[in-house]
Amino acid sequence: MMAQVLDVASWIMLLGGGIFVLVGGIGMLRLPDLYTRMHAASLTDTLGTLLILGGIMLQAGLSLASIKLAAIAGFLMLTGPTATYALANAALMSGFTPQDAELPEDLKP
Amino acid sequence: MSSVEAIQLALILPFAGALLIALTGRWPNLRETVTLVIAAALTGVVWSIVPDIMAGGRPHLTVAQLFGDLSIAFTVEPLGMLFAALAATLWIVNSIYSIGYMRGNKESKQTRFYICFAIAIGAVMGVAFADNLLTLFLCYEILTISTYPLVAHKGDKPTIASARIYLGILLGTSIGLLLPAIIWTYLVAGTLTFTPGGILAGNIAGPAMGFMLLLFVLGIGKAAIMPVHRWLPAAMVAPTPVSALLHAVAVVKAGVFTVTKVIIYVFGVETLFAEPAGGWLLYAAAFTIIAASVVALRQQNLKRMLAYSTIGQLSYVIMAAAVLTPLSEIGAAVHIVAHAFGKITLFFAAGAIYTASKKTELHQLRGIGARMPWTMAAFTIGALSMIGVPPTGGFVSKWFILAGAFQSDNYVAIFTIILSTVLNAAYFLPIVFAAWFAKETGDSKPHGEAPFASVLALSLTALATLGFFFFNQGVLDLESQLVE
Amino acid sequence: MELLGLFNYWVFAVLLMVGFYAVIAKPNMIKKLLGLGIFQAAVFLLYITMDKVEGGTAPIIQPGVDAIYSNPLPQVLILTAIVVGISTTALGLAVVVRIYEAYGTIEEDETQRQDLDA
Amino acid sequence: MSLAAQLPALQIVVPLLTAPVLVLLRGANLAWAAATAASVMAFVIAVALTLEVQSVGVIVYEMGAWPAPFGIELRIDGLNALVLLVITGASALTLLCGRASLAGEIDPDRLALFYAAWLIALAGLAGIAVTGDAFNVFVFMEISSLATYIIIAAGPNRQALTATFKYLIMGTVGATFYLIGVGLVYMMTGTLNFADMEARIGEVTDQRPILVAAGFITVGLALKAAVFPLHVWLPNAYTHAPHIVTAFIAACSTKVAIYVLLRFDFVVFQGNLTGHAFQFASFLAPLALLGILIGSAVAMFEGHLKRLLAYSSVAQVGYILLGASFASKAGITAGVVHMFNHALAKGALFLAVAALAMRLSGLRLADIAGAGRTMPWTAAALALAGASLVGIPGTAGFISKWLLLSAALEQGPLGIVAVVVIVLSSLAAVIYMWRVIERLYFGTPAGNALSASEPPWMLVAGVWVAALANVYFGLMPGLPVGLSEAAAEELLRHLP
Amino acid sequence: MTVFFGIFLLTLLLIIAVGIVRAQNLFTAVMLTGIFSLIMAANFFVLDAADVALTEAAVGAGISTVLLLGALALTPSQEQDVRGGRILALFVVTVTTAVVVYATFEKPRLGDPQAPVHTHVAPWYLEKTPELIDIPNVVTAVLGAYRAYDTLGEVIVVLTAGIGVLFLLGLPGAVGRRKADDLSSGRMHLNHHLVPQVVGRLLVPFILLFALYVQFHGEYGPGGGFQAGAIFAAGLILFALIEGEREAYTILSPRLLMVLMGSGALLYGGVGVANMLLGGNFLEYSVLASDPVKGQQWGIIAIELGVGITVASVLLAIYHAFAARGL
């Protein structure tokens, strides 16, 4: 009984993750400019991956494997947003202005 | 001093001399003394071997043993003995003459001249004493390279150009034809050591042998058989003593000497005689003789004329060797000597004339006999020897060659000799006649004899030319060993 | 399935081709180095493909379990090869940087032209 | 275990471990001393090994005492003994006498690294020569290549960099090709050890991959050896490298590649591929002939001394390959002997060039005019080495030319062509060497050739040692010829 | 299942490879190379080559990308369009490929247990290792013991690359005229960006820890000197990125880096020489301890350490060389 529940849950998470990644991918291609695309990308590598990892953890149950997976998830939580930030910052530095949006004074290149 | 030590000495002396000359180059007198002393010493050493050879000895010396049968080694045999003695002796005379000439014309780079001269003589010794084809090839190349600076002595553009022709033809033929021939010989005969009766005997026959002979004869460019004679006229840009060296002492003689040696010791007289495919050599030589004489007839420049005369005379030796009878082989050897004395006299004379009067063309020589009696007398003797009139050395050798030709009823040879004699007379006698009896053309300014050293040298050689007519027994005894 | 067994080798062949093409056809030096990287990666693939065994696992022996292990040797060879590859790339990049400082370009045909002019 | 038994390992270990020490050391002189000491020691070891090989035959050394084919073994026989002599001798001599020249060309505070790279190159080449394991060859090939790129890139002017890059690309492609070939052989035999491969290839039923492997290995090594159409990296690399480096690599780097080519193609493939001898001859001989002709031809019209010699090297590689492509005992003997003799000649020549370069403004033929008078010793040695390159009797060059020609004359139709080509290229060699010598002695001094004086005595001494080696081995060719004959036997044992 | 997964990955590889070659902007190309390596690593993992996968990920995707970017920072990042030479190139390439494909048809199929590769030498390794060396990871055993000589060569290759880059580019404070302290701590770092700096500081210790784990766990699981060295270097490079060159030099001065470069290789070679002195062959670890198996294990640990030190220090030095060139 418990096993089934876990199984179903994990599959839901895996599928969800997959969908998010897919959506992110589509977003990457379809969205107009760099910043919005980055938005889609960050969606992929936070929510998507987290769901998938969670799903696998449920599959693995309580074991060394899932602890490792947890660690990975933790690191992703840290690195993903940072990377996105750095990228956006660099873009701004090198003068990519977001479409139809007025920059705040202090960020004017 | 044993003969072997003598060989070592004879090979070392010239190079040691070259070194000494290089060191004493700063003081001309000392330098030239060294040259003369070395030359004299060498001559002494070489002559000291003669008795041993006369007695039938064959002193042998191995320097280095390469793989297989290949070695750098030396052995003295009659032909080589004769050549070495000749070269060494003439070196003295030539040095005396050179001193006069070089000083008389205030030539530059005299030290280099004497050094290269000494090295060339050393190479000649090597060629003469070589025990096998490889050693001979080595010394042959050294000779070629060491004479290049002499030919290019003047150092201006045209000279360099001619010198390149000289070097190009000699190196090209030797590496392109002679070397393959040697290797081929080694493959079929398994050895390169000169042995009486020939090492190719029984190892090769038919057209192959003819072809091999072709490789050898054309490969030995120094023998100046047509069509590889071009370098000799080209080398006329050299100072006269060098021309003398080329024509009488070292280079061309080394060529014909090598050819004779190849015919006697590599192919073997009998083998070649029995092989019709080898017959072409006779005709080639005959053609060269006639053609060269005809060309000489049409020359205006004295030295060029002498050059073509040399080409003709050399082919006498080759033809004699190619007649392939005992007497003719002796004749070949004797002619090397006779021609040497005669031709060196002629060149010395030409050089003397140039030194004294800066004249180089034939038509300028009218009536010069009155101004330079000694020189022209010597010149006359030389010319007679070329034609082969008694009492000169030229007659002796021609006699033997003819005798050899009759031995085998070789009418081609006989006819060639007679015709060429006529031609020689036709281009030498007019000069002699004009020099003594024609009126001098007005424009030439008065001048006397050349420097004493030169006159002395050419008188000596002229005397030798005459002397050889009377005292040639030694040479004959020596060379008769060839055909025993 | 028979042919699928060879799929890796074909990928190896094509990767080889792509990388090699970049090496010889592209004048840009960094591009050449990237191509070289692909070229070498293809060879890694060739070796690693060899070591796979049907139903095998990585050659880390668990005592007691009698599993089939894949072949360790090619893995060792490729470990070496990978390191060699990065070393070559690093050195190549250093040379490229120096070339750019000396010539002001990293296009090979351009540098050749400058050498000819000089 | 006695020291003697450890020699094969020490041959590699000594230079290989001196290099990192040099990285720790500071100061050019100290580095030079250490590097030279290591090279000399390596040379001594090589000599000892050669003597041992001559007395007891093949020497085998198991790295880590693991038996082949599981471990890596070092195998030393006549062939690689000769190669070892060349490599270590070249390195020792060039380092001993090259110090001043190198110090003049390389930024002093980088010299330590330079010498380290040099030692690694030496160790790599030696490593290729002694190992009996196909993959180990690859590793050491890369070691030597990387190190060689470094010491070439040390050249003074910017062309050195582009030359290095070209060499780096082509060299890596070559090595990778070799790796592919080894991979295919491994795939079909399951082993990396030469001897073991040799034994097992015969059992392989489907030979396609083996054929392809043979192709890849041959092409890859031909790239490294600068065999004719793949030689394009060589001229620039030789021309723009520091002069002493040129002397070193010209003496040995291409030779080692050819050595591996011979070992692989003859020992591993020869006996097992049907009609291999024929294929070998019919693929390599034409390339060799073309290489000889074109190399010599270009050299004849080349105006820069080093470039001229570099193109002559292309031709000489052709000679070695030609000898091998006869696939006959005489042929391979000739090829291997030429490997040795050409190393002597080119080493001496490039050392002499380095000596000239120390005093003259440039190395175009115009720049060296008249140096024969101002630098007599150097010029004389150059002339002597040149004679050896041309093949004048009494020099080493003549021995190999002789062997090669006689090997060719055994061959029939192909042989005749070969003879003609060899003769032609010898004439070409006469011409291009003569152009140099004529300039040296009869050219009128221009620029600073007038004021030039002899370089430091150590360099001159080194040049003369190399030049005299040419004469010595021209008169006493026993050692190289003997070893080469042994090598030929070893390589051809599969031929019927 | 795995087969199809493999095929999927491989196809992806092909696409990316073509992308790399076609990309005109070199930054794009470099990024694609990183992805290429990652997928290659995944592919290796599918093929049961854990160690290789780890190495490829660390070296290929990590270090080489960093180096390429470092080089791109100093050179133009836009490729000029190609003129000519295409046809010949295509011809050569096609021939080569044709030859390879020709060969494939008689190769053993993927994973065929009867392939010679699996029947000849490898089985010996698999069955002897437990008794001779007694460590679980056979790859490490082969790498560190049976073919340790190759591995020594590999370390020397890395060292050579280090020497080469330092020789060509110089290293302020160790090689070349420039001193360490004339590096202005401007530009090539992010320490005016708060977020990356904070996160980076948080991550670096973990990375280094992980490196040590990989280093000393190599006998038991995937990992070893090379991977560890690469990861360690990656950690420090990250540090240098966020704190700036100067700061990085204060922990590991260039001079010290050079010393480490050399001493790692020396440690490796020293073990071998020690074996010689103890009367064994070169790299015959058995003589290190009374019990040959123990000896083998100690030997492997020692040389892996040497490998790790050299690899880490060389990669770091190379990075510094590129970085300093830019300042």
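Order of the sequence lines sets the chain letters (A, B, ...), proteins ahead of strands, with each chain counted from 1.
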Under 4.5 Å from any heavy atom of chain B, what part of D:L424 do you find: side chain, backbone, both or neither?
neither

Report which part of B:L70 has an atom under 4.5 Å of a heavy atom belonging to chain D: side chain, backbone, both, or neither.
side chain

B:Y148 side chain reached by D:W434 side chain, heavy atoms, under 4.5 Å
yes

Taking OH in D:Y472 as the centre, count heavy atoms belonging to other residues, nucleotides or ligands within less than 6.0 Å. Is the count above 12?
no

Count the heavy-atom pairs under 4.5 Å between each of B:V63, B:I182, B:I175, B:L66 and chain D, then report the option with the highest count.
B:L66

In terms of heavy-atom pairs under 4.5 Å with chain D, the winner among B:I145, B:I72, B:L167 is B:L167

Heavy atoms only: give me the nearest D:P393-B:L134 pair and the separation to one decimal.
CB-CD1, 4.3 Å

Is there any salt bridge (Lys or Arg N to Asp or Glu O under 4.0 Å) pair reaching into residues 384-398 of chain D, and which pairs are they, with sequence neighbours excluded?
none

Please find the pair of heavy atoms, one from D:L427 and one from B:G172, that lie closest to each other, and give the distance.
CD2-CA, 3.7 Å

Heavy atoms only: give me the nearest B:P180-D:V423 pair and the separation to one decimal.
CG-CG2, 3.9 Å

Return the CD to CZ distance between B:E141 and D:F398, rounded to the nearest 0.5 Å.
10.0 Å

Distance col, row B:I160:CD1 vs D:E438:CD, nearest 0.5 angstrom, shows 5.5 Å

Quick check on side-chain contact (heavy atoms from CB on, under 4.5 Å): which of D:L403, D:L409, D:L404, D:V419 does B:I183 satisfy it with?
D:L409

Taking atom CZ of B:R112 as the centre, report whether more than 12 heavy atoms of other residues, nucleotides or ligands fall under 6.0 Å from it.
yes

